[in-house]
Amino acid sequence: MDYNLDKSRLLAWISLLVAICFEVSGVSILKIISNPLYAKLSMIFFVNLSYIFMALALRDIALGVAYSVWEIVGLLGVLGISFLFFTPHLSTQQYLGILIGFVGVICIVAGEEH
């Protein structure tokens, strides 16, 4: 087992998780900050940071895998924030769609070649 390869893949996955956190922060801040200009500027800042960390993650994670994880985990993060602070109203069909997406990401990550 090549230690450097494992370390770089671990750093790539950490970079992807950081990218997701910045994306969730950027999207969520639109609802938190009341001033539209500050909200948009803050969102742009966080989303740009998200893209920087996504680019770092793409060095060792396949694009399709990274993007699908980024999207569904980001969606779950935004959904979690909305449940904590904004009380969303989702239908059973919407919850089912989120669950299917989450299961899909698990299948994608499990099937990734190492």
Side-chain angles (χ1 to χ4, degrees):
M1 182 186 317
D2 186 9
Y3 175 73
N4 287 332
L5 180 63
D6 289 342
K7 183 178 176 184
S8 72
R9 285 190 54 78
L10 177 63
L11 289 175
W13 281 101
I14 290 170
S15 294
L16 181 58
L17 291 176
V18 170
I20 292 167
C21 290
F22 279 129
E23 179 195 23
V24 169
S25 299
V27 171
S28 300
I29 209 153
L30 286 173
K31 196 91 161 141
I32 295 169
I33 297 179
S34 59
N35 183 317
L37 177 63
Y38 293 148
K40 290 175 185 173
L41 289 174
S42 298
M43 184 204 64
I44 290 169
F45 174 75
F46 282 111
V47 170
N48 280 321
L49 283 175
S50 175
Y51 283 132
I52 290 168
F53 280 93
M54 177 64 148
L56 294 173
L58 289 176
R59 292 178 176 175
D60 290 303
I61 302 173
L63 175 62
V65 172
Y67 187 72
S68 62
V69 170
W70 188 36
E71 286 302 317
I72 196 68
V73 175
L75 172 107
L76 291 173
V78 170
L79 188 62
I81 295 291
S82 67
F83 273 116
L84 286 173
F85 299 107
F86 308 118
T87 60
H89 303 287
L90 299 175
S91 68
T92 304
Q93 185 177 3
Q94 290 169 318
Y95 284 116
L96 183 61
I98 293 166
L99 178 65
I100 290 169
F102 187 69
V103 170
V105 166
I106 291 170
C107 292
I108 289 168
V109 171
E112 182 186 20
E113 291 184 22
H114 299 282

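Below, each value reflects all heavy atoms present in this structure, side chains not excepted, and no hydrogens, waters or symmetry copies.
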Grab the two heavy atoms, one from D60 and one from R9, that are nearest each other, plus how far apart they are. O-NH1, 2.9 Å

Could you pull out the closest heavy-atom pair between M43 and V27, with the gap in Å? CG-N, 4.4 Å

Within a radius of less than 6.0 Å around OH of Y95, do more than 12 heavy atoms belonging to other residues, nucleotides or ligands occur? yes

Flag side-chain contact, heavy atom, 4.5 Å: Q94 against H89: no

State, to 0.1 Å, how close P88 and S82 come at their nearest heavy-atom pair, and which atoms those are. CD-O, 3.3 Å

Single-linkage hydrophobic cluster, 4.5 Å side-chain cutoff, I72 and V103 together: no

Would you sort out whether I44 and N48 count as a side-chain contact (heavy atoms from CB on, under 4.5 Å), showing the intermediate values? CA-CA 6 Å; I44 290 169; N48 280 321; 3.4 Å; yes

So L90 and L79, side-chain contact (heavy atoms from CB on, under 4.5 Å) or not? Walk me through it. CA-CA 10 Å; L90 299 175; L79 188 62; 3.3 Å; yes

Check the surroundings of atom CZ in F45: do more than 12 heavy atoms from other residues, nucleotides or ligands lie under 6.0 Å from it? no

If only atom types and distance count, is the side chain of S28 paired as donor or acceptor with the main-chain N or O of S25 below 3.5 Å? no

Do V24 and I32 share a hydrophobic cluster, counting only Ile, Leu, Val, Met, Phe, Trp and Tyr and linking them when any side-chain heavy atoms are less than 4.5 Å apart? yes

Would L37 and V47 show up in the same hydrophobic cluster when neighbours are defined by side-chain heavy atoms closer than 4.5 Å? no

Can you hop from L96 to F83 via hydrophobic side chains spaced under 4.5 Å? no

Closest non-hydrogen atoms of A39 and L30, given as atom of the first, atom of the second and distance, are O-CD2, 3.8 Å

In this structure, which one of I106, I61, I20 forms a side-chain contact (heavy atoms from CB on, under 4.5 Å) with V69? I20

Of the non-hydrogen atoms in I33 and S42, which two are nearest, and what is the gap between them? CD1-OG, 3.7 Å

Residue set satisfying ring pair (Phe, Tyr, Trp, His ring centres under 6.0 Å) with Y51, at least two apart, ordered chain then number -> W70

Please name the pair of heavy atoms, one in E23 and one in S50, separated by the smallest distance, quoted to 0.1 Å. CB-OG, 3.6 Å

Is it true that the NZ or CZ of K31 lies under 6.0 Å from the centre of F86's six-membered ring and within 45 degrees of the ring axis? yes

Within one Ile-Leu-Val-Met-Phe-Trp-Tyr cluster: L63 and V105, side-chain cutoff 4.5 Å: yes

